Protein chains: 2
Amino acid sequence: MNSIKELFINKYGLSTENFDLFYSNITEVSRSKGEEIISKGEIHHSVYFIKKGAVRSYYINADGKEITYWFGFEGDVIASLGNFVESKPSLETIELLEDVVLWKIDRSKLLELYNTNIELANFGRQLAEIGLLEMEQQILLNQVTDAKTRYLSLIEKHPQILNRVKLGQIASYLGITQVTLSRIRAQK
Amino acid sequence: MNSIKELFINKYGLSTENFDLFYSNITEVSRSKGEEIISKGEIHHSVYFIKKGAVRSYYINADGKEITYWFGFEGDVIASLGNFVESKPSLETIELLEDVVLWKIDRSKLLELYNTNIELANFGRQLAEIGLLEMEQQILLNQVTDAKTRYLSLIEKHPQILNRVKLGQIASYLGITQVTLSRIRAQK
DNA sequence: CCTACAATTTAACATATGTAAAAAGAATCC
DNA sequence: GGATTCTTTTTACATATGTTAAATTGTAGG
């Protein structure tokens with residue numbers, strides 16, 4: 001049926017029963033390439049799971065340039081963390097790189113589930129902990145390795161990324177200019 | 001009594017009753033400056049909370065250099081995430097920068113509490129979510145701002161850090177050499 | 001197939017950062 | 001308090017990256 005369902009059940013140890021409870025609060029929505037699912041400066045009341053498609057999260061720096069700092073693909077969670085954790089307006093914008101299918105759930109409904117169902121509370125905990133581990137690895141990677149290595153490891157992790165994401169966005173994700181990325185690509 | 005206790009109760013909404021349950025599984029331990037609390041390549045079975053003192057987490061890169069990528073102070077959690085989340089040997093070493101007092105709890109005991117007490121499960125969830133938010137902000141900061149701005153924001157966030165941490169470690173945390181950090185410090 | 005526009009690469013130059021080594025400044029120990 | 005060791009700054013030079021602009025390549029629409 002659904003690869004996210006399997007993911008949730010196998011990776012986070014959800015029982016079928018509690019997956020069904022979770023899923024009964026989900027609305028499946030389709031959105032088109034180019035739309036913004038979360039916008040800077042706003043408060044959002046939903047959390048999303050990517051069923052199909054690719055997204056990016058970007059921040060606008062002091063010079064007005066868009067800095068991409070996250071790519072999301074199938075199975076990933078989309079939320080404005082500042083929104084979700086501290087109820088503050090979003091600093092980031094999340095833009096759809098392709099047509100996507102999302103699972104949408106109300107933030108308040110999700111919190112209600114967390115507070116009433118211990119298995120779902122631990123599902124949410126593991127979701128956050130796995131996110132932590134991934135972010136830590138990204139911080140480490142950014143600090144330990146140079147842009148060329150990070151570029152190679154990015155395309156190794158997401159072989160399709162070159163077809164799905166523009167090089168300028170990849171360059172800002174790597175913390176370099178597009179010119180430097182071109183030089184790296186020309187090397188080997 | 002204890003500032004961490006207040007932190008746990010106020011920030012994470014723990015009831016006194018469940019804080020006591022949590023605390024009854026804590027062992028308070030003192031360790032000396034220079035010791036390693038978590039060592040690269042090993043499996044660790046404990047999670048720690050810093051009651052007093054400062055620590056750093058570092059990784060050894062391909063050239064054998066220590067790259068500091070996290071500083072921990074009072075109230076922070078110490079765990080090898082790879083250990084905790086995926087039961088893999090630790091990639092990082094966590095070293096004590098000062099004499100510290102820690103709250104120590106067994107990983108298996110903590111998981112047992114999470115799986116039997118819904119309030120503690122949500123405490124753990126929030127612990128991870130707040131960590132996520134902090135890591136996201138660090139990733140953003142690293143990507144959006146230059147080393148000078150990051151240095152200034154680091155000493156603004158932790159005014160005591162210059163007295164507690166060596167400049168070479170701060171430089172590696174900022175992703176620059178100590179020479180460049182000296183140049184930055186000489187500027188203004 | 002041609003045109004117009006968007007994305008990517010290349011070039012030339014200025015600037016910032018790294019490297020290695022020396023100098024200066026602090027801290028520690030007897 | 002003097003010598004030793006560790007930490008930080010400074011210097012000189014090589015290299016890598018940023019900036020701006022032009023050239024090239026790729027893509028979509030008629």
Side-chain angles (χ1 to χ4, degrees), chain A residues 32-35 54 56 58-69 71 95-99 141-155 158-188, chain B residues 32-35 54 56 58-69 71 95-99 141-155 158-188:
Chain A
S32 304
K33 176 174 177 174
E35 284 187 46
R56 71 170 178 129
Y58 68 86
Y59 179 85
I60 297 181
N61 76 359
D63 303 334
K65 279 188 192 160
E66 295 180 0
I67 311 289
T68 298
Y69 68 94
F71 294 113
E95 180 194 76
L96 307 186
L97 298 169
E98 305 173 337
D99 293 351
L141 197 70
N142 287 346
Q143 217 134 17
V144 172
T145 57
D146 59 12
K148 183 178 179 181
T149 309
R150 295 207 305 281
Y151 170 71
L152 295 174
S153 99
L154 179 69
I155 55 180
H158 300 292
Q160 1 76 314
I161 202 169
L162 291 177
N163 306 320
R164 300 172 92 176
V165 177
K166 297 206 194 83
L167 286 177
Q169 295 170 353
I170 292 179
S172 81
Y173 176 80
L174 295 171
I176 56 179
T177 60
Q178 187 171 351
V179 176
T180 303
L181 180 55
S182 270
R183 288 194 270 237
I184 286 171
R185 284 161 55 83
Q187 274 179 35
K188 50 141 208 172
Chain B
S32 304
K33 177 175 177 173
E35 285 187 45
R56 72 170 177 128
Y58 68 86
Y59 179 85
I60 298 181
N61 76 0
D63 303 334
K65 281 188 191 161
E66 294 180 2
I67 311 290
T68 298
Y69 68 95
F71 293 113
E95 178 195 77
L96 307 185
L97 298 169
E98 306 173 334
D99 293 351
L141 197 70
N142 286 346
Q143 217 133 17
V144 172
T145 58
D146 60 11
K148 183 178 180 180
T149 310
R150 294 207 307 280
Y151 170 70
L152 294 174
S153 99
L154 181 68
I155 55 181
H158 300 292
Q160 2 75 313
I161 202 170
L162 291 177
N163 306 321
R164 300 172 92 176
V165 177
K166 296 204 195 83
L167 287 177
Q169 294 169 353
I170 292 178
S172 82
Y173 176 81
L174 296 170
I176 56 179
T177 61
Q178 187 170 351
V179 175
T180 302
L181 180 55
S182 272
R183 288 193 270 237
I184 286 172
R185 283 160 56 83
Q187 274 178 34
K188 51 142 207 175

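Side chains are part of it too, since the values below use all heavy atoms of this structure and drop only hydrogens, waters and symmetry mates. A note on names: the letters A, B, ... follow the listed sequences, proteins ahead of strands, and every chain is numbered from 1. Quick caveat: nothing in here was measured; it's all calculated off a predicted structure.
Of the residues in residues 173-182 of chain B, those with a non-hydrogen atom less than 4.0 angstrom from any atom of DNA chain D are B:Gln178, B:Val179, B:Ser182.
A distance-only check finds no donor-acceptor pair linking the side chain of A:Arg150 to the backbone of A:Leu141 [under 3.5 Å]. The backbone N or O of B:Ser32 sits nowhere less than 3.5 Å from a side-chain atom of B:Asp99 that would complete a donor-acceptor pair. Between the side chain of A:Thr68 and the main chain of A:Ser172, no donor-acceptor pair closer than 3.5 Å is present.
The distance between atom CZ of A:Arg164 and atom P of C:dA7, rounded to the nearest whole Å, is 18 Å. What separates OH of B:Tyr151 from P of C:dA16 is a distance of 19 Å, to the nearest Å. Note: CG (B:Asp146) to C1' (D:dT19) measures 16 Å, nearest angstrom. In this structure, NZ of A:Lys166 is placed 8 Å from P of C:dT8, rounded to the nearest angstrom. We find that CG of B:Leu167 is positioned 14 Å from C1' of D:dT10, with the value rounded to whole Å. Put simply, NZ on A:Lys65 is 11 Å from C1' on D:dT20, counting in whole angstrom units. A straight line from CD1 of B:Ile184 to C1' of C:dA16 spans 10 Å, rounded to a whole angstrom.
Side-chain N/O atoms of A:Arg185 include one lying less than 4.0 angstrom from OP1 or OP2 on C:dT9.
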Open item on the list: For A:Arg183 and A:Ile176: C-alpha separation, side-chain torsions, deciding distance, then whether side-chain contact (heavy atoms from CB on, under 4.5 Å) applies.
Closed with: CA-CA 11 Å; A:Arg183 288 194 270 237; A:Ile176 56 179; over 6 Å; no

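Across D:dT8, D:dA12, C:dT9, the shortest atom-to-atom separation from the side chain of B:Arg183 is found for D:dA12.
Heavy atoms only, all atoms of each residue included: B:Thr149 and B:Asp146 are closest at OG1-OD1, 2.6 Å. The two residues B:Leu174 and A:Gln143 come nearest to each other via the heavy atoms N-NE2, 4.0 Å.
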